[in-house]
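The structure appears right after this line, and notes come after that.
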Amino acid sequence: MKRLFYLMPVILFLLTFTGCGGTRVQTASGNPPQDTVAQPAGGVCPPETASAVERGPGDVFEYQIGTENVLQIDVYYGKGEQLSQKVRVSSRGTISFPLLGDVHVLGLTVSNLQNKLTLLLSRDYLVNPQVTVFIEEYSTVSILGEVKRPGAYPLKGQLTVLELVALSEGFTKIASPNKVKVIRTHSDGRREEILVRVNDIINKDGFGQDNLVLRAGDLVIVPESLF
């Protein structure tokens, strides 16, 4: 016991020195070294640095292809040969493309779609195709009711209800901002109504009430106040 007591400072020093990075230990059987993780005194490892952990998705929003988008797709292959097609995304979220038939594109980014078409075309049809996709026409969202400029607006990126109200130059004097409705039709035909309390979003800086992100085809209705 006395010997263990005198060795304790040395053991604690070694644990602190190795930290959470771990050490390499050669097993007695001669097997390859194994990783061991030693915790510092106190038993809690500090958080890993950003370089040591897998990074999550970036904060930059990438436009996702929606219904009604018009896409210009160019495919270069062979010795200067080219296949070009202008297509509109259907209500089912698909496009019709030569050699491939119907291809589901709803929700893909431009780079996602380029990669998908490259894979599909190179699998059975073309050798080393180079695919470029350009969005010529964007999807739209509409706002009706008590705003100063009702109508359809292009959905070129991430757009919230509050931002759409701003684009339509704000509410009229008789609007009811806390009773705004978003009517959303899903790809399976199901219709959903979502209440958005815009006044609550403004007064609480977005906390307690989600500032809904709009999707292609959404219809925003601003009703008249009853008082």
Side-chain angles (χ1 to χ4, degrees), residues 48-144 149-168 182-192 194 210-220:
E48 294 182 350
T49 61
S51 60
V53 297
E54 184 178 353
R55 294 180 182 274
D59 293 330
V60 179
F61 176 81
E62 285 191 76
Y63 179 79
Q64 295 178 339
I65 295 169
T67 57
E68 300 179 0
N69 281 173
V70 174
L71 309 176
Q72 175 64 44
I73 303 175
D74 297 310
V75 181
Y76 302 91
Y77 62 99
K79 296 181 179 180
E81 296 181 272
Q82 180 179 349
L83 172 64
S84 295
Q85 190 83 5
K86 185 178 293 186
V87 296
R88 183 180 294 273
V89 181
S90 72
S91 59
R92 296 180 290 112
T94 62
I95 60 171
S96 180
F97 197 75
L99 302 177
L100 301 178
D102 286 347
V103 179
H104 191 269
V105 301
L106 185 67
L108 298 181
T109 65
V110 167
S111 59
N112 289 156
L113 180 54
Q114 289 176 165
N115 292 337
K116 182 173 184 176
L117 292 176
T118 299
L119 178 63
L120 293 174
L121 289 169
S122 61
R123 181 181 295 169
D124 297 312
Y125 303 103
L126 305 177
V127 177
N128 193 29
Q130 306 296 314
V131 180
T132 60
V133 176
F134 177 75
I135 300 175
E136 287 203 351
E137 294 182 23
Y138 288 85
S139 306
T140 59
V141 291
S142 300
I143 185 167
L144 301 176
R149 285 189 61 191
Y153 291 83
L155 186 63
K156 294 184 177 181
Q158 192 172 32
L159 184 69
T160 65
V161 172
L162 190 57
E163 290 167 339
L164 180 59
V165 170
L167 285 176
S168 60
V182 176
I183 300 177
R184 176 171 293 169
T185 303
H186 296 270
S187 57
D188 59 1
R190 181 172 52 91
R191 179 170 161 166
E192 180 183 11
I194 307 168
D210 289 335
N211 189 5
L212 186 70
V213 176
L214 295 168
R215 298 180 186 174
D218 279 353
L219 172 62
V220 180

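Reckoned from all heavy atoms, side chains included, excluding hydrogens, waters and symmetry mates.
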Nearest heavy-atom neighbours spanning Tyr77 and Val75: CD2-O, 3.9 Å
Atom of Thr118, atom of Ser122 and distance for their closest heavy-atom approach: O-OG, 2.7 Å
Heavy-atom check, side chain of Arg92 versus side chain of Asp102, under 4.5 Å: yes
Point-to-point distance, once rounded to the nearest 0.5 Å, from CD of Gln114 to CZ of Phe134: 12.0 Å
N/O donor-acceptor pair under 3.5 Å between Lys116 side chain and His104 backbone: yes
Leu120 to Tyr125 - nearest heavy-atom pair and separation: O-CD1, 3.9 Å
Audit row: Val70, Val87, side chain to side chain contact (heavy atoms under 4.5 Å, CB included) steps and yes/no: CA-CA 6 Å; Val70 174; Val87 296; over 6 Å; no
For Val133 against Val110, the heavy-atom pair lying closest together: O-CG1, 3.5 Å
Euclidean distance, Thr109 OG1 relative to Gln64 CD, rounded to 0.5 Å: 7.5 Å
Side chain to side chain contact (heavy atoms under 4.5 Å, CB included) between Gln158 and Glu163, worked out: CA-CA 10 Å; Gln158 192 172 32; Glu163 290 167 339; 5.9 Å; no
From CG (Asp74) to CD (Gln130), nearest 0.5 Å: 12.5 Å
Ser139 (side chain) donor-acceptor with Thr67 (main chain) under 3.5 angstrom: yes
Any donor-acceptor N or O pair under 3.5 Å, side chains Ser90, Thr94: yes
Sidechain-backbone polar pair: Glu192 side chain, Arg184 backbone, donor-acceptor under 3.5 Å: no
Nearest-0.5 Å distance that lies between atom CG in Leu212 and atom OG1 in Thr160: 8.5 Å
Leu164 side, atom CG; Leu214 side, atom CG - distance, nearest 0.5 Å: 6.0 Å
Criterion side chain to side chain contact (heavy atoms under 4.5 Å, CB included) on Asp218 and Leu155, from CA distance to verdict: CA-CA 10 Å; Asp218 279 353; Leu155 186 63; over 6 Å; no
4.5 Å side-chain heavy-atom contact, Leu167 and Ile143: no
Which atom of Tyr76 lies closest to which atom of Thr132, heavy atoms considered: CE1-OG1, 4.2 Å
4.5 Å side-chain heavy-atom contact, Leu144 and Leu219: yes
Sub-4.5 Å side-chain heavy-atom contact between Leu100 and Leu117: yes
Contact check, side chains of Arg215 and His186, non-hydrogen atoms, under 4.5 Å: yes
Val141 to Gly217 - nearest heavy-atom pair and separation: CG1-N, 4.3 Å
Polar side-chain atom of Asn69 near backbone of Gly66 as donor-acceptor pair, under 3.5 Å: yes
